[in-house]
There are 2 protein chains.
Amino acid sequence: MDWRHVPSLSALRAFEAAARLTNYSAAARELNVTHAAIAQHVRRLEDHFGLSLMQRDGQTMQPTPEGQRLSRSLSTAFGQIAEISEDLIAQDTDRPLRIATTPSFAEYWLMPRIGAFWAANPEIRVEIAPSGDLVDLRADGFDLAIRYGRGAWPGLNTERLESAGHVVVAAPSVVGSNYVGCMTDLEDQHWLITGTSTEERVWLKANGLDLSKCRVTQMDVTALSLQAVRAGHGITIVPRAVAIGDIENGTLIALCEEIDSDLGYHILTRPDRVSPQLKTFIAWLRKQRETP
Amino acid sequence: MDWRHVPSLSALRAFEAAARLTNYSAAARELNVTHAAIAQHVRRLEDHFGLSLMQRDGQTMQPTPEGQRLSRSLSTAFGQIAEISEDLIAQDTDRPLRIATTPSFAEYWLMPRIGAFWAANPEIRVEIAPSGDLVDLRADGFDLAIRYGRGAWPGLNTERLESAGHVVVAAPSVVGSNYVGCMTDLEDQHWLITGTSTEERVWLKANGLDLSKCRVTQMDVTALSLQAVRAGHGITIVPRAVAIGDIENGTLIALCEEIDSDLGYHILTRPDRVSPQLKTFIAWLRKQRETP
DNA sequence: TCCATATGTAAGCTCAACTAACAGGTAAGA
DNA sequence: TCTTACCTGTTAGTTGAGCTTACATATGGA
């Protein structure tokens with residue numbers, strides 16, 4: 001693209017409006033500047049091109065023939081720019097909310113509840129993308145992310161949602177029904193854990209357990225993990241809601257539980273990019289944390 | 001034109017170059033800025049539209065599908081702007097010199113000599129526009145103006161060319177062959193003068209004669225004025241060259257002549273808008289004043 | 001003649017656009 | 001594996017393009 005002969009784009013915009021409206025004052029109003037700005041821009045363009053572009057017509061101004069040529073090209077060009085800009089803005093406005101979450105959050109916290117959100121807000125479409133990776137909201141095009149951690153994500157609005165409520169469970173036969181402690185001597189255990197247990201791994205590590213030193217068998221789904229743990233083949237870590245039945249009927253023992261941890265799920269959004277629909281979704285998330 | 005959704009035109013230009021070249025550093029070189037400027041512009045556009053426009057591809061960047069849509073529209077739009085800009089610059093470069101002069105200067109000074117200029121410079125086209133009005137070089141699209149006065153035209157380059165050499169003449173029978181003085185008692189005379197004698201009127205006024213208080217008959221052409229003056233019907237003012245024959249053969253008397261006046265013809269040009277061709281023309285004008 | 005509108009222009013202000021500087025990533029070649 | 005050359009990301013600071021303010025002058029309708 002040869003920009004050598006192109007003057008200031010701001011000046012060209014000012015001129016286009018002046019030529020189209022045949023009035024510097026009207027052009028100023030359209031562009032939210034003063035008539036002085038328009039006059040100066042047009043003057044500078046005339047100097048640049050060495051041509052008269054506007055001429056007096058009583059009180060107002062008319063484009064000269066050269067001015068008309070320039071104005072026509074500019075109107076077409078700027079019209080295209082305005083159109084594509086509007087299209088992209090509309091595309092951003094009309095698309096569903098894109099939510100990135102940790103896998104477990106999606107599976108155990110959000111999906112079980114999302115039906116209620118959809119019932120209450122049928123006009124708000126939500127796309128949920130479970131991902132263990134730390135996504136870049138802006139670059140990856142997300143409106144909101146649910147992340148597990150301590151909440152210090154720079155450049156983002158961060159609001160703690162709630163604790164994850166993880167619980168480490170095993171069959172009584174594995175550690176004895178009188179096991180006392182938390183995370184004590186569990187490194188020698190056989191961990192049966194899914195590959196998507198991203199935030200569980202974070203919690204274990206934060207509590208001193210180095211899974212890389214443990215025998216780990218990666219399971220495909222949590223249900224299989226639990227089945228194997230019930231059979232006494234090892235231990236696992238899951239959200240409390242998943243194991244509460246087995247704990248209460250004595251099939252499994254809760255060896256350690258996430259209580260009063262500074263780790264937890266957080267709502268992440270980009271500053272100044274919170275649409276009304278997103279605000280509705282966030283309010284609903286807040287309401288949900290009060291529900292057992 | 002709806003500018004509400006249009007972001008910074010500078011940012012759009014930066015993005016267009018980045019998308020087309022798939023490289024922020026190359027875009028920076030094309031636009032003569034640093035890669036940091038390009039990166040900031042693209043970031044701001046992504047914030048504005050709420051969409052990702054560029055994504056990493058190893059070391060370089062690729063436009064996303066939305067980025068490709070925007071980039072295509074921008075390339076077309078900016079291409080049009082670049083093209084019309086180049087056309088107008090070329091038009092200014094390729095057109096003939098446009099010279100505004102006072103009417104008498106054109107008729108008696110310039111036109112008699114212009115043939116010599118054209119013979120010497122066949123490649124330089126010159127358009128001459130006689131005008132009694134004070135033209136605006138910029139607004140009216142002139143490269144040079146010849147104006148009669150004292151030379152103080154603000155905002156313009158001014159160079160004195162030479163005296164106009166006006167002479168007031170009458171038949172001996174009108175004022176007696178022994179008339180002594182200059183502009184003395186001439187207000188009672190019957191002035192036969194063309195409408196285009198702009199600079200003559202300026203000189204008369206500067207020498208104390210108020211034509212509005214005189215009996216003035218406007219003639220269509222100077223030749224007719226001279227004929228009537230020869231017949232003793234009144235007096236007139238013309239360039240010396242026109243009347244020199246009648247003065248020398250005694251048909252007319254020179255009542256007053258413009259000598260050592262601060263009034264004179266001046267060459268006016270706009271600062272920083274003197275093309276090589278215009279310089280050639282000005283040099284030729286200078287040379288001509290040395291020619292009787 | 002008065003009033004409401006227009007444009008012209010110079011002086012001064014300000015923030016968008018940019019640079020400088022540093023950091024970190026990618027990829028190719030030794 | 002290390003080195004080199006290129007790329008982008010980002011922050012802090014600079015600056016002049018773009019604008020406003022204020023005043024002047026012109027036009028046209030009532």
Side-chain angles (χ1 to χ4, degrees), chain A residues 3 6-19 21-48 52-64 67 134 136-140 153-156 270-271, chain B residues 3 6-19 21-48 52-64 67 133-140 153-156 270-271:
Chain A
W3 290 98
V6 180
S8 160
L9 292 172
S10 300
L12 290 171
R13 172 170 57 189
F15 167 72
E16 188 277 331
L21 300 167
T22 66
N23 185 309
Y24 286 11
S25 302
R29 289 191 289 275
E30 171 165 306
L31 298 179
N32 290 320
V33 298
T34 64
H35 81 276
I38 303 296
Q40 287 163 32
H41 279 313
V42 175
R43 172 64 67 95
R44 275 199 3 257
L45 286 179
E46 288 177 329
D47 287 341
H48 176 88
S52 175
L53 297 170
M54 301 291 287
Q55 64 199 354
R56 282 268 196 184
D57 180 25
Q59 243 192 331
T60 62
M61 309 291 283
Q62 289 290 337
T64 60
L134 188 60
D136 183 331
L137 284 178
R138 185 193 57 77
D140 297 319
W153 284 279
L156 293 173
R270 294 163 59 196
Chain B
W3 291 98
V6 181
S8 159
L9 293 172
S10 299
L12 290 170
R13 170 171 57 190
F15 166 73
E16 188 277 332
L21 300 168
T22 66
N23 185 310
Y24 285 11
S25 302
R29 288 191 289 274
E30 171 167 304
L31 298 178
N32 290 321
V33 299
T34 64
H35 82 276
I38 302 295
Q40 287 165 33
H41 278 314
V42 174
R43 172 64 67 100
R44 280 207 347 268
L45 286 179
E46 287 177 330
D47 286 341
H48 175 88
S52 176
L53 297 170
M54 302 291 289
Q55 64 199 355
R56 282 268 196 186
D57 180 27
Q59 246 191 330
T60 61
M61 311 289 286
Q62 289 290 336
T64 61
D133 299 327
L134 186 60
V135 301
D136 183 330
L137 285 177
R138 185 192 56 75
D140 296 321
W153 285 278
L156 294 173
R270 293 164 61 194

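Basis for what follows: all heavy atoms, side chains included, without hydrogens, waters or symmetry-related copies. Letters A, B, ... mirror the listed sequences (proteins, then strands); counts begin at 1.
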Side chain of B:Q40 (C-beta onward), nearest among C:dC18, D:dT20, D:dG9: C:dC18
Between B:R44 and C:dA17, is there a side-chain N or O to OP1/OP2 distance below 4.0 Å? yes
Below 4.0 angstrom from OP1 or OP2 of D:dC7, is there any side-chain N or O of B:T60? no
What's the closest nucleotide to the A:R56 side chain, out of C:dG8, C:dA17, C:dC18? C:dG8
5'-most by nearest nucleotide on DNA chain D - A:G58 or A:H41: A:H41
Minimum-distance nucleotide to A:Q59 side chain [options: C:dA4, D:dT10, C:dT7]: C:dA4
Listed nucleotide nearest any side-chain atom of B:N23, set C:dA6, D:dG18, D:dC7: D:dC7
Can you measure B:R43 atom CZ to D:dT8 atom C1' for me and round it to whole angstrom units? 11 Å
Closest to the 5' end of DNA chain D, once A:R13 and B:A37 are matched to their nearest nucleotides, is B:A37
If you define the side chain from C-beta out and look only at heavy atoms, does anything of B:P7 sit under 4.5 Å from B:L12? yes
Whole angstrom is fine here: how far is it from CG in B:L9 over to P in D:dC19? 10 Å
In whole angstroms, the gap separating P of D:dT10 from CG of B:D47 amounts to 11 Å
Side-chain heavy-atom pair B:R13, B:L9 within 4.5 angstrom cut-off: no
Ring of B:H35 versus six-membered ring of D:dC7: centres under 5.5 Å and planes under 30°? no
Just how far, in rounded Å, is P of C:dA17 from CG of B:L45? 10 Å
In whole Å, what is the span from the CD1 atom of B:I38 to the P atom of C:dA17? 12 Å
Within the structure provided, determine whether A:M61 and A:Q55 are in side-chain contact (heavy-atom separation under 4.5 Å). no
B:T34 side chain near C:dT19 phosphate (N/O to OP1/OP2, under 4.0 Å): yes
Below the 4.0 Å mark, does C:dT5 have OP1 or OP2 next to a side-chain nitrogen or oxygen of A:S25? no
Rounded to whole Å, how long is the line connecting atom OH of A:Y24 with atom C1' of D:dT27? 16 Å
CG of A:L21 versus P of C:dT7: gap in Å, rounded? 10 Å
I need the CZ-P distance between A:R29 and D:dT20, as an integer number of Å. 14 Å
Heavy atoms under 4.0 Å, any strand shown: does A:D57 hit a base, just sugar-phosphate, or nothing? nothing
Note, B:N32 side chain near A:W3 side chain (heavy atom, < 4.5 Å): no
As a test of reading the structure: which of C:dA20, D:dC19, D:dT8 is closest to the side chain of B:A36, going by heavy atoms? C:dA20
Of all the heavy-atom pairs spanning B:F15 and B:L53, show the shortest one and how long it is. CE1-CB, 3.7 Å
How far apart are the closest heavy atoms of A:A18 and A:I38, and which atoms are they? CB-CG2, 3.9 Å
